[in-house]
Amino acid sequence: MPQMKRTPQDCPSRLPENTAVKQQQLPACRLQLSATGILSGFFATGVFCLGMGVILILSAKSSMEIEINYTKICASCAKLRENARNFDKECTCSIPFHLTQTMRGNVYMYYKLYGFYQNLHGYLLSRSNSQLLGTDVKDVETCAPFSKSHDGTPIAPCGAIANSLFNDTIILSYKLNSSVHIQVPMLRSGITWWTDKYIKFRNPSSSNLSSAFAGTTKPPSWPKPVYELDENDPGNNGFLNDDFIVWMRTAAFPTFKKLYRRLSRTQHFIEGLPAGNYSFNVSYNFPVTRFQGEKSVVLSTLTWSGGHSLFLGLAYTVTGAMTWLAAFSMMAVHLKLKGKRFSPDDKVKL
Amino acid sequence: MEREPAAAEEPAPPGRRWRWRRRRRREGRKRTVRSNLMPPPGAEDTAAGAAKGARRRQCGGAQHLADNRLKTTKYTLLSFLPKNLFEQFHRVANVYFVFIAMLNFVPAVNAFQPGLTLAPVLFILAVTAFKDLWEDYSRHRSDHEINHLGCLVFSREKKQYVNRFWKEIHVGDFVRLRCNEIIPADILLLSSSDPDGLCHIETANLDGETNLKRRQVVRGFSEHVSEFNPLTFTSVIECEKPNNDLTRFRGCIIHDNGKKAGLYKENLLLRGCTIRNTEAVVGIVIYAGHETKALLNNSGPRYKRSQLERQMNCDVLWCVLLLVFMSLFSAIGHGLWVWRYKEKKSLFDVPESDGSSLSPVTAAVYSFLTMIIVLQVLIPISLYVSIEIVKVCQVYFINQDVELYDEETDSQLQCRALNITEDLGQIQYIFSDKTGTLTENKMVFRRCTVSGIEYSHDANARRLAKYQEADSEEEEMVPRGSSLPQRGSIGSHQSVHIMHRIQSTKTHRRTGSRAEAKRASMLSKHTAFSSPMEKDIAPDPKLFEKVSECDRCLAVARHQEHPLAHLSPELSDVFDFFIALTICNTVVVTSPDQPRQKVRGRFELKSPVKTIEDFLRRFTPSRLTSGSSSIGSLATKSTHKSGSSFLSTLSNNSTLLRLEERLGQPTPAITSNGYSSGAEGWSPEPAAREQEPERELEQAQEQEQELRYEAESPDEAALVYAARAYNCALADRLHDQVSVELPHLGRLTFELLHTLGFDSIRKRMSVVIRHPLTDEIYVYTKGADSVIMDLLLPCSSDDARGRHQKKIQSMTQNYLNLYAVEGLRTLCIAKRVLSKEEYACWLQSHLEAESSLDNREELLFQSAIRLETNLHLLGATGIEDRLQDGVPETITKLRQAGLQIWVLTGDKQETAINIAYACKLLDHDEDIITLNAESREACAALLDQCLHYVRSTSPCSTPEKTMDNMSVGFSPLGAPSTSTTSDPSPSLVIDGRSLAYALEKNLEDKFLFLAKQCRSVLCCRSTPLQKSMVVKLVRSKLKAMTLAIGDGANDVSMIQVADVGVGISGQEGMQAVMASDFAVPRFRYLQRLLIVHGHWCYSRLANMVLYFFYKNTMFVGLLFWFQFYCGFSASTMIDQWYLILFNLLFSSLPQLVTGVLDKDVPAYVLLTEPQLYRSGQHMEEYRPRTFWLNMADAAFQSLVCFFVPYLAYYDSDTDVFTWGTLITAIALFTFLLHLGIETKTWTWLNWTACGLSILLFFTVALIYNASCATCYPPSNPYWTMQILMGDPMFYLTCLLTSVTALLPRLFFKALQGSLFPTQLQLGRQFTKKSPKKFNAPKETFAQGHLPGEMRTEPAEQKSVSTSGPLSQDCTLPVSWHTQQPSCSPEASGEPSTVDMGVPLREDTLLAGLSSQTPGSSMPEEAVLEGCPGDSKRKPTSTSRTTLLSSIFNLPTFSSLNWISSLSLVSRLGSVLQFSRGSLQMDKQDSEFLPSAPQPEQDLKRADHGLLLGASSRDCS
């Protein structure tokens, strides 16, 4: 009863303040669309979606994509790889194909895996970021079950993700003419996120890469240790190997593609990939048939709106169409009601 | 001190505590208090020095008795954490969330970083803990403040009163209090500066009553002449254990010499009260600290669960089921997945550390647990927090509403319960008190009847009419404010220290300016019931003349032997009547400026007669010589010990001398009677001389300010003011005498022997006085007419006097009925003259009763009943209790809003019905079923009958099995039918006794069924218990939301039982408010509270809860769909931080703003279209169907929000968490858009909240994704957001997904809005059409209908559809249809009856009743009345009133009595007459319809197959 303290003279009443907030009288716009309002809204949305859809479809059409599934083509190799004991046997296979149109612009080469679950709960967790950052090569705590080899040596890079590294090598060669095959120049760099390559992944500091990884062992399914991933380019070796980094960025779905190489636009390939006969020479190492997976190689150009996928454009178009449909039906209802009932400016309520 | 003599001095505290416990058990229900100053018994022989005293004080501090330290804090620094956590874990939700978090610590199932999942739980716990801590701290601060208030305590060392803190007061201390001080503990009053040993206290802080209460010094201590010396106090006080009953205190004080004296609540000063009008008092502390009654009464705030919340909890359970289902599904999926890949040795396989892979079953189990963690968001942790926040804000806004502010009382609505605001929007039944709730509780004397002659007080009526006009014209100008000063939570300790009463020194004259008037009204507030309207009564000239004549006659005759004998019986009655009005009450006269200081030498030793000896001394020598011996023997036989010996010890010679002197004083009558033993005989002159200074003082005061009457009830004040208008003014009231000022007689001082206070069982109060003029002992009784009339002296019809008296009684009864019909409150005034012998006889038993320790109340009650018999009726008064402003309008609105209003009142039936008409609760157009039964069987029969009637008139919705038994030949007699379409439901009036029967187990269903059919129900003469039983019945049986509103203590139980209790902070104190959930200043505010705020609160909260469920389901859906693409391995694409923060941070603010501020329909539309309220009653916003639709929409939206991005990013090189971030953003946008659709009003706050939400998400995401490269496994979202925001795909997908997800909702909403709009939507549309500035067209809006009104809302449609066909082929009214043919010929024969005006119709009916022969004519007539085929009735009859009133109370007839059924369209035309068979109706009194009882009816009824049970038939 604080009021009773006051003397009558200075006793202000308990009259609540008459402010807009306290009286809940804030100026407000009611979301109350008239029939015309809501119909025009629907129509506008429809127009936008249709337009967007058309643009997206056109842009997707303008990009080119070639996918070659080589699971079956290299069946013999696949068979060989199904037995884990044959891991050290080489197996290559060549997949010829014909490019009917020139792929203009930047051409990217992807490998694509079907039915490979990179988003498994346990799989996702099985990596050691601090190891990959190079601070402590022997920090393999979070990598279970691929943290240490049988003799207790820490694995570098540890974890299930690293262990399952995609290790096919794919070389694209261009049949300039019937006899001359030239290897299409491909860049191994620039296929990762810049931040991955320069911030998240670091080799342990040491004069020599192999000594840096001393005291660690290679992941069980790797044929060679991590510091031999790319012996030609020291900047692409160890944890800094682009393929490795790309692999470590786990895919969202069991079917995914990962950037493998990008076209170096030199010589014949300044314009892109010219039309003609090509072949992929695959060193088949990665076993997929064991789990009924498939793999393919993809050549693709990109546009502003992403890749070759038509889905977004189609989705926009369909949404636009649906919106129009809805708008028309509402208009019909509205007109019917208008004749039947209320005043002409009857509203559709929200 | 409550200490065992032997144990008291033992210095070993640990053993002591144990010993105390044991002793307590042994000791039972008594507490013994000794003076702290005394050496305890057994220690007297040891040296009792100062050091010893000091030590004892320390001991005293350590003993088990609560000291006066106030400690309301729950925690100490050490106990805070464990205790608070313990309390928090009483919430199931908290336990659940902690369980989830703990589950995360199990390595095999951990979904997130273990610490992370703890974060939200810890956050919630911490916030709650912090809130508790803060509250506790503020409690601690206020405790500290109170504990350190000062007061004077007698110190043993200093031998004087010293200042001590409150907390240092102990039981047994002597405390001295001065005027306007607050009482620090429960104190037994031992001494007062008042010469009469009185002390006035104001209990406003306990019960809100501002009138002064009188307390008196313990008997035996008032005789102390000199100042009370605590050192001489050696008595021991025995009293009850501390309890919380404010109205009761029992005990006795045992003096050294073994004598006992009783202690009553009049001796106790309660903590928290304020001393008024008394200079200083001294008392001994009986209860201290937490054992005081005030603190024991101070229970914490109430916790109720609202219906919405209950429903929500049910849906939460559904969510739990869904969660389990999802987890199970996922677990099975994972098991299958593992089984499928078991032999494959795939590269992505993550085996156990020993290289083996998990068995599918184990994997499934782990997956199940992990899924529970992942999907925990489904059970919204933030929902509970958000709801709390929203409710607090809602309460705040309700409190702040200017329109709920009452200028007169300067109070706004208080929400006392914080968590049931939305219940206000779902109320179906309102149970209202009448007096003080519907009416103002400003009792205005309207008219009276004395000695059988009515005085209509026309001038007074005109005066009141003027007030009414003034009210309506300019409300503020009339200083009507007579209610209580502002008070907050009274009785709570926090308010104890702030009680400086506004001491006003100004009169409240009507001044010119409005502000002045208002101030004046505020100033006058602290005298309750004294607005000018109540005070200034214009006397009736006839009666005024008679009173003056009495006065003159008596002034002349006062010295003669029998002064009253000179008056005619009528004049004598008039005189007695006014004397009774003046003194038969407990009104205290005060002059508020000065505390009462009377230096009166006259009656130093005077008190109400307390002992037989006292009585003997007062009366013996002259009168009772003959009877003295017998009485003396009685006295010696009496077990009461405080006999003459006690008296003699207390009174030394001087007091005895004074006693002698006093005995000489009484009245001239004694003197003339030969008694002259006193020193100087009594004569008026000395008395006049002695009174002179006082009178001068008072006259001086009167020029400045008139005397102020402080009454406990407004009726009393009204009567006293009425008497004053007739120059019979109450001048002074002491506890032993009352002075009445008369113009000619001067001041008459009545010796007040006893006051038998009012109680609700006796329904009357009495005073026993000695008349100064005749020296006879008079009993004046004032009470409800129903009881007084039964207590009258049965007058023989033999002599003329008796006949005359009988006539007077019947006349008075007639007038009483008339008053009741006018809606006046009636009181009967009666007197009884006691002979000395009778009195002595009664006194004997009364004293025994008074001094008994055990069932004192019971005995006193018996004693009062013995006194109040054989009364002589003086007259009766009619007091008007005006309706509060806006009550009829409010009731109409509430009715339109679909609320059923029941009025439960203690008033008599006629008054209640009249008030009900006045406030439009009853309509003249509608039937009234009156249920008055005097026995259980009669009640049952009547109920059946009424049910039948109701069924025949209104749709028979639920056939009842009992119908078969009674349907044959039983038709609604005397019940004119009403067309079912125009007037669907009658109203029910039931009296208290019938209610008692109806509430019995076997009848309650019938009663309820009947009441349900009725439009309104009026329960009269109901007790508080019945009120609460009715509410409980409706609440439990009908499963309806109930609201009880009342203002007085008698409504408390009802308020507590109802779902929502509303208290009116009116004139009757604060008990109702204290018990209520909401306190409103006036009834009319209920309209806005329910229709506007209730609707808003409900709609807001319902929508918010639905939105929450939607949001969580949709979000969880996203995670669930992902499981199909990750082998059900319980992995999440959304970063765990987003998962955790999403609900807490990103998406919480907008919905809070909407939940707090959204107004689906603006206030003015709600008020003009009250039927919009029904949406809440039918739970339209939040019902199972809406919930599941909502969930389905959530599922759809989650599908869209998952698969559109999935397909868009299918066959791309995106990684899990980038895609997850995209999904998160999409979800956020969708949520906000969804909220946008659901939000009806967009203020800048909504915009800000939404903007902030998006901003927050992106800011947090950007910062989070840039802060640390490797810190957040497993997602490692470094630079993800930045990359994502550079990708146009991101925006394209967001846009498309949000639009697609919400299109269907928008579409269906739009379609539904135009095809099947709900009332609310129409209301909204209405808002748009009507201009914002909304002034003149208000009326038209109120009248007009919504455009879509013709299509009634679903519920109504339903009822119509069920009713329509059923009434045609209903099986129940078979008898009805069979009887119909019989009625038709007669019906055609009597069209005139039907066409005639209402009174005439009633007449004919009555005539039919009275002239009827035992035969079958009656049913036929009745059927005629009720014949539905009579088409002519429908258009013509303006009022159909059915009265199924059967009265079984007459000893002679005791059968069904068909009393008049009547309409009150013209109130004079016909009057409800309830047969009080013993009273003869005055035949010439044409206003009253004779209602001759019909004994034959009983037979006839039996003939007609109505089995009324044996009792009623036996009686005939």
Side-chain angles (χ1 to χ4, degrees), chain A residues 1 3-5 8 13-16 18 22-24 26 28-32 38 116-117 119-126 129-130 133 144-145 160 164 195 199-200 249-254 257-259 290-291 304-307 309 311-312 315-316 319 326 330 333 337 342 347-350, chain B residues 341 344-348 350-353 397 400 402 405 410-412 486-488 495 498-499 502 523 1125-1127 1129-1131 1133 1204 1207-1208 1211-1216 1219 1240-1243 1269-1270 1273-1274 1276 1278-1279 1288-1289 1292 1296 1300 1303 1307 1309-1310 1313-1314 1317 1321 1324-1325 1328 1347:
Chain A
M1 295 188 298
Q3 283 82 0
M4 289 190 77
K5 254 184 181 167
S13 76
R14 294 180 177 195
L15 182 68
N18 197 353
K22 288 191 174 180
Q23 297 308 315
Q24 308 186 58
L26 282 176
C29 59
R30 298 192 149 263
L31 189 64
Q32 236 185 2
I38 203 158
F116 189 94
Y117 288 84
N119 53 13
L120 287 181
H121 181 54
Y123 185 86
L124 279 176
L125 293 174
S126 183
N129 285 312
S130 57
L133 199 59
S164 58
T195 50
I199 293 168
K200 282 171 79 173
R249 184 160 283 278
T250 49
F253 311 113
K257 63 184 183 186
K258 282 186 182 292
L259 192 53
R290 263 195 252 166
F291 51 88
W304 63 275
S305 63
S309 167
F311 171 77
L312 210 54
Y316 264 102
T319 305
M330 278 196 302
V333 165
L337 288 179
F342 314 133
K347 305 297 187 285
V348 180
K349 273 83 39 189
L350 269 179
Chain B
Y341 286 98
K344 305 290 167 55
K345 287 274 168 206
S346 50
L347 272 172
F348 50 79
V350 187
E352 287 294 274
S353 37
F397 279 123
Q400 287 300 321
V402 168
Y405 169 77
D410 187 38
S411 56
Q412 80 269 51
Q486 316 102 319
R487 37 187 135 69
S495 58
I498 337 161
M499 288 179 290
I502 305 167
L523 287 177
Y1125 297 95
C1126 68
S1129 64
S1131 75
M1133 69 289 195
V1204 169
L1207 291 171
D1211 193 24
S1212 75
D1213 58 345
T1214 187
D1215 68 303
V1216 187
W1219 190 72
K1240 277 87 181 185
T1241 47
W1242 281 88
T1243 63
T1270 56
N1276 261 325
Y1278 194 73
W1279 226 248
M1289 275 281 277
L1292 286 173
L1296 175 73
T1300 316
L1303 262 183
F1307 175 65
K1309 264 192 106 89
S1314 42
Q1321 283 168 327
R1324 249 167 265 150
Q1325 184 188 357
K1328 191 166 185 205

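Chain naming here is simple, since letters A, B, ... match the order of the sequence lines and numbering starts at 1 in each. No experiment lies behind these values; they were computed from the predicted model shown.
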Engineer: Looking at SG of C1126(B) and NE2 of H121(A), how far apart are the two atoms once the value is rounded to the nearest 0.5 Å?
Structural biologist: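 Output value for this atom pair is 9.5 Å.
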Engineer: Assess the residue pair Y117(A) and F348(B) against the criterion (ring-ring contact (aromatic ring centres under 6.0 Å, His included)); give the C-alpha distance rounded to whole Å, side-chain angles, the decisive distance to 0.1 Å, and a yes or no.
Structural biologist: CA-CA 6 Å; Y117(A) 288 84; F348(B) 50 79; 5.6 Å; yes
Engineer: Side chain from CB out, backbone as N, CA, C, O: work out which of these in K22(A) comes under 4.5 Å of a heavy atom of chain B, or both, or neither.
Structural biologist: both
Engineer: Please look at W1219(B) and chain A and tell me whether the side chain, the backbone, both or neither of the residue comes under 4.5 angstrom of a heavy atom of that chain.
Structural biologist: side chain
Engineer: Is it the backbone or the side chain of T1214(B) that comes under 4.5 Å from a heavy atom of chain A, or both, or neither?
Structural biologist: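 Both parts, backbone and side chain.
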Engineer: To the closest 0.5 Å, what do you measure between CG (N129(A)) and CG (N1276(B))?
Structural biologist: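 If I round to the nearest 0.5 Å, the distance is 3.5 Å.
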Engineer: I would like to know whether L1292(B) and Y316(A) meet side-chain contact (heavy atoms from CB on, under 4.5 Å); could you show each step before the answer?
Structural biologist: CA-CA 9 Å; L1292(B) 286 173; Y316(A) 264 102; 3.9 Å; yes
Engineer: Roughly how far, to the nearest 0.5 Å, is the CG atom of L1296(B) from the CG atom of L312(A)?
Structural biologist: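 Result: 6.0 Å between the selected atoms.
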Engineer: Quick one: which of L1303(B), V402(B), T1300(B), D1213(B) has the most heavy-atom pairs under 4.5 Å with chain A, could you say?
Structural biologist: V402(B)
Engineer: Keeping S1129(B) on the side-chain end and L120(A) on the backbone end, is there a donor-acceptor pair under 3.5 Å?
Structural biologist: no
Engineer: I'd like to know if the side chain of Q23(A) reaches the main chain of Q400(B), judged simply by a donor and an acceptor atom lying under 3.5 Å from each other, with no hydrogens or angles considered.
Structural biologist: yes
Engineer: Determine, stepwise, if the pair F311(A) / V1204(B) fulfils side-chain contact (heavy atoms from CB on, under 4.5 Å).
Structural biologist: CA-CA 9 Å; F311(A) 171 77; V1204(B) 169; 4.1 Å; yes
Engineer: Can you tell me if N119(A) uses its side chain to pair, donor with acceptor, with the backbone of Y1125(B) under 3.5 Å?
Structural biologist: yes
Engineer: At a 4.5 Å cut-off on heavy atoms, which part of L124(A) comes close to chain B: side chain, backbone, both, or neither?
Structural biologist: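 Interface part for L124(A): both.
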Engineer: I need the residue from S130(A), P254(A), S126(A), S309(A) with the largest number of non-hydrogen atom pairs under 4.5 Å to chain B.
Structural biologist: P254(A)
Engineer: To the nearest 0.5 angstrom, please state how far the CD atom of Q24(A) sits from the CZ atom of F397(B).
Structural biologist: 5.5 Å
